[in-house]
Structures are given as C-alpha cells and as structure tokens.
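Presented below is the structure to which this report refers.
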Amino acid sequence: MQITEIYKSLQGESSHAGLPCVFVRLTGCNLRCVWCDSEYTFKGGVRMTAEEIEREVQRLSPDGGLVEITGGEPLLQERELVPLMDRLLTTGYTVLLETSGERPLEAVPAGVIKIVDVKCPDSGEGNTFRLENLKALTPRDEVKFVVASRGDYEFARDFIRQHELSSRVANVILSPAFKKDAAGARDASHCLVDPQALAEWMLADRLKARLGLQIHKFIWEPSLKGV
Ligand code: SF4
C-alpha cells in the first residue's frame with residue numbers, strides 16, 4: 001500500500017472526537033475539494049505491506065483502541081486495504097474508515113465503522129457520492145457534511161431528509177469547512193461558515209444531526225500536519 005503517514009493523535013472529528021487514535025493516511029485521491037487540507041497526500045508516500053502497517057499501529061498503540069484509515073481516498077487501494085482492516089479488527093482495534101463515498105462500500109468489512117464524507121456543492125465535488133452506497137450504510141456508521149455556505153447547509157439538510165439518514169446511521173454530522181490555508185489563531189475565525197450560524201440553522205430546521213467541529217484545528221495551530 002502507498003502510505004503518506006502513520007501517527008498517533010486525538011481523533012478530531014466524528015462522534016469519537018477527543019479520543020486517542022492512530023491515523024493511517026493513505027496516499028492518493030481522485031477528488032479535488034477546493035478547501036482540501038490534505039493535498040500533501042495526493043502524491044509521494046512510501047510503499048508498506050499490511051504487516052509493516054500493522055506493526056507500526058501496534059508500536060504506537062500497543063493496548064488497542066482506535067485506528068482511523070484515512071487519506072486521500074483510502075478505497076482507491078481497496079484490494080490491499082480490505083485485508084489490512086480485517087487484520088486490525090481481528091487484533092482487537094476499533095477501525096474507522098474515512099471515505100468520500102465515491103467508491104463502492106460493499107467490500108468494507110462489517111466490523112469497520114465507516115465515516116462517509118458526502119461532498120456538498122461548494123467543495124467543487126458535489127454529486128460524487130454514489131447513491132448505491134446508501135444500502136451499505138449500517139447503524140454503526142456516520143455520515144458527515146462539511147459545510148462552506150448556506151447553500152451547502154440546505155443541500156445537506158435536504159439530503160439527510162430525503163434519504164432518512166438519521167435512521168440509517170449512528171450519527172449525522174454537519175461541520176463548518178475550514179479555510180484551506182488557515183494558520184495562526186486557533187479559533188472559529190478560519191471557519192467558512194460561522195459555527196453559531198450553522199447551529200442556529202440546524203435548530204430552526206429541527207434537523208436530526210449533530211454539529212461537529214474539527215477540534216484538532218482548535219487544539220493545535222491549524223496549519224500543523226500530523227496532528
Ligand atoms: S476527498 Fe478528502 S483528500 Fe480528497 S480532495 Fe477532498 S478533502 Fe482532500
């Protein structure tokens with residue numbers, strides 16, 4: 001597998017936010033979201049076998065816990081990734097898979113918690129979510145929308161209602177997009193949508209979803225990688 005980095009930090013998003021987590025970041029992405037903060041994953045990386053990756057995960061987190069498979073788009077390397085996720089589950093890790101939902105999800109092992117980032121229009125990659133993937137979502141999974149405008153919010157709201165997401169998955173999360181090259185202050189000034197406005201829209205619409213903040217951007221300097 002082509003790997004950009006493996007490191008331990010706190011989980012910054014999803015309902016697991018705040019928990020220690022080993023991140024396995026795979027190289028390569030087939031999308032180009034305008035606010036992407038992971039462009040360094042598009043190229044390069046190092047070749048690692050599943051055994052080498054598992055050994056590094058065990059070194060960083062010998063007592064089990066959370067492992068997040070992320071990217072880039074990890075499912076571009078599905079053939080090798082599925083056996084790796086199976087190995088990590090067998091060893092006793094809780095495995096999260098962050099994906100855009102543009103690639104098929106059927107082959108993802110049942111024990112993996114999928115965190116599906118459905119792209120909103122202002123990402124520049126709207127309409128990339130594969131609707132057939134709705135069938136592969138389980139009550140363990142989470143669906144996330146990164147919101148950069150009121151238009152994005154309305155897209156997310158309508159998608160959640162149309163596909164009854166809150167009854168399909170454990171959590172539906174709306175999260176303000178961060179400015180692409182945010183640096184300096186660790187506060188909400190870098191958000192493309194004011195979290196307060198997003199919260200008020202959600203409350204006004206009685207949306208069955210939770211507001212998520214990328215807490216690592218508030219804990220560490222926002223331009224820092226590997227945290
Ligand atoms: S899917 Fe993720 S890694 Fe790929 S361009 Fe979008 S934000 Fe960046």
Side-chain angles (χ1 to χ4, degrees), residues 9-19 21 31-38 66 68 70 96-102 113-131 133-134 137-224 227:
S9 184
L10 295 184
Q11 175 59 237
E13 303 177 62
S14 83
S15 65
H16 299 86
L19 293 174
C21 180
L31 303 187
R32 291 291 180 268
C33 304
V34 295
W35 35 250
C36 178
D37 63 357
S38 306
L66 282 183
E68 176 168 303
T70 186
L96 313 176
L97 171 69
E98 172 110 11
T99 172
S100 72
E102 189 274 341
I113 298 171
K114 299 184 283 295
I115 301 173
V116 182
D117 183 354
V118 176
K119 300 301 178 189
C120 296
D122 282 16
S123 70
E125 294 289 4
N127 287 322
T128 50
F129 176 77
R130 187 182 291 247
L131 282 174
N133 276 337
L134 288 170
L137 295 175
T138 76
R140 305 163 57 88
D141 295 334
E142 309 198 352
V143 177
K144 182 177 75 170
F145 298 84
V146 176
V147 173
S149 64
R150 172 74 195 184
D152 275 359
Y153 167 73
E154 290 177 5
F155 165 84
R157 178 195 65 196
D158 297 347
F159 191 101
I160 292 164
R161 288 178 175 162
Q162 183 185 355
H163 300 296
E164 298 177 338
L165 285 188
S166 32
S167 57
R168 284 179 191 266
V169 295
N171 284 292
V172 180
I173 302 167
L174 273 68
S175 183
F178 250 67
K179 286 180 194 150
K180 186 182 173 114
D181 297 314
R186 294 171 290 151
D187 60 37
S189 63
H190 302 298
C191 293
L192 293 174
V193 159
D194 184 345
Q196 181 180 336
L198 182 53
E200 288 170 4
W201 297 337
M202 292 170 70
L203 288 167
D205 285 334
R206 290 188 283 169
L207 199 62
K208 291 182 183 167
R210 73 162 72 188
L211 176 67
L213 296 174
Q214 294 178 290
I215 63 167
H216 49 294
K217 307 268 193 188
F218 294 86
I219 299 171
W220 287 281
E221 204 278 330
S223 64
L224 268 187
V227 292

Sequence neighbours left out, what passes side-chain contact (heavy atoms from CB on, under 4.5 Å) with Ala188? Give chain and number order.
Cys191, Pro195, Phe218
Determine yes or no for a side-chain-to-main-chain donor-acceptor pair under 3.5 angstrom, with Glu221 supplying the side chain and Gly184 the backbone.
yes
At their closest point, which heavy atom of Ser14 faces which heavy atom of Ile115, and how far apart are they?
CB-CD1, 3.7 Å
Here the gap from Leu134 atom CG to Gln162 atom CD, rounded to the nearest 0.5 Å, amounts to 9.0 Å
In the structure I gave you, are the side-chain heavy atoms of Thr70 and Leu96 within less than 4.5 Å of one another anywhere?
no
Side chain to side chain donor-acceptor pair (under 3.5 Å) filter on Glu125, not counting sequence neighbours, yields none
Result block: side-chain N/O donor-acceptor pairs under 3.5 angstrom for residues 140-147, not counting sequence neighbours:
from, atom 1, to, atom 2, distance (Å)
Arg140, NH2, Gly111, O, 2.8
Asp141, OD1, Lys114, N, 2.8
Asp141, OD2, Lys114, NZ, 2.9
Asp141, OD2, Thr138, N, 2.8
Asp141, OD2, Thr138, OG1, 3.3
Glu142, OE1, Ser15, N, 3.1
Glu142, OE2, Ser15, OG, 2.4
Glu142, OE2, Asn171, ND2, 3.3
Lys144, NZ, Glu13, OE1, 2.8
Lys144, NZ, Glu98, OE2, 2.7

Do Phe159 and Val172 have side chains that approach each other closer than 4.5 Å (heavy atoms only, starting at C-beta)?
no
Keeping Ser175 on the side-chain end and Gly212 on the backbone end, is there a donor-acceptor pair under 3.5 Å?
yes
side-chain contact (heavy atoms from CB on, under 4.5 Å) partners for Ser100, two or more places apart:
Leu31, Glu73, Glu102, Lys119
Minimal heavy-atom distance between Gln214 and Pro176, with the atoms involved, is OE1-O, 4.2 Å
So Leu198 and Leu174, do their side chains get closer than 4.5 Å, heavy atoms only?
yes
Applying side chain to side chain donor-acceptor pair (under 3.5 Å), name anything that partners Asp187, two or more places apart in sequence or on another chain.
Ser189
I'd like a table of donor-acceptor pairs (distance under 3.5 Å, sequence neighbours excluded) in which one partner is a side-chain atom from residues 200-208, with atom names and distances.
from, atom 1, to, atom 2, distance (Å)
Glu200, OE2, Gln196, NE2, 3.1
Asp205, OD2, Tyr153, OH, 2.7
Asp205, OD2, Arg157, NH1, 3.2

Under the salt bridge (Lys or Arg N to Asp or Glu O under 4.0 Å) test, which residues partner Glu154, sequence neighbours left out?
Arg150
Does some side-chain heavy atom of Phe178 sit less than 4.5 Å from a side-chain heavy atom of Asp37?
no
Listed partners of Ser149 passing side-chain contact (heavy atoms from CB on, under 4.5 Å), at least two apart
Asp122, Asp152
Can you name the side-chain contact (heavy atoms from CB on, under 4.5 Å) partners of Ala170, sequence neighbours left out?
none
Out of curiosity, Leu66 CG to Leu10 CG, how far, rounded to the nearest 0.5 Å?
10.5 Å
Set of residues satisfying side chain to side chain donor-acceptor pair (under 3.5 Å) with respect to Lys179, sequence neighbours excluded
none
For Leu211 and Ala199 the tightest heavy-atom approach is CD2-CB, 4.1 Å
Taking C-beta and beyond as the side chain, do Val116 and Asn133 meet within less than 4.5 Å on heavy atoms?
no
Please find the pair of heavy atoms, one from Arg186 and one from Ile219, that lie closest to each other, and give the distance.
NH1-O, 3.0 Å
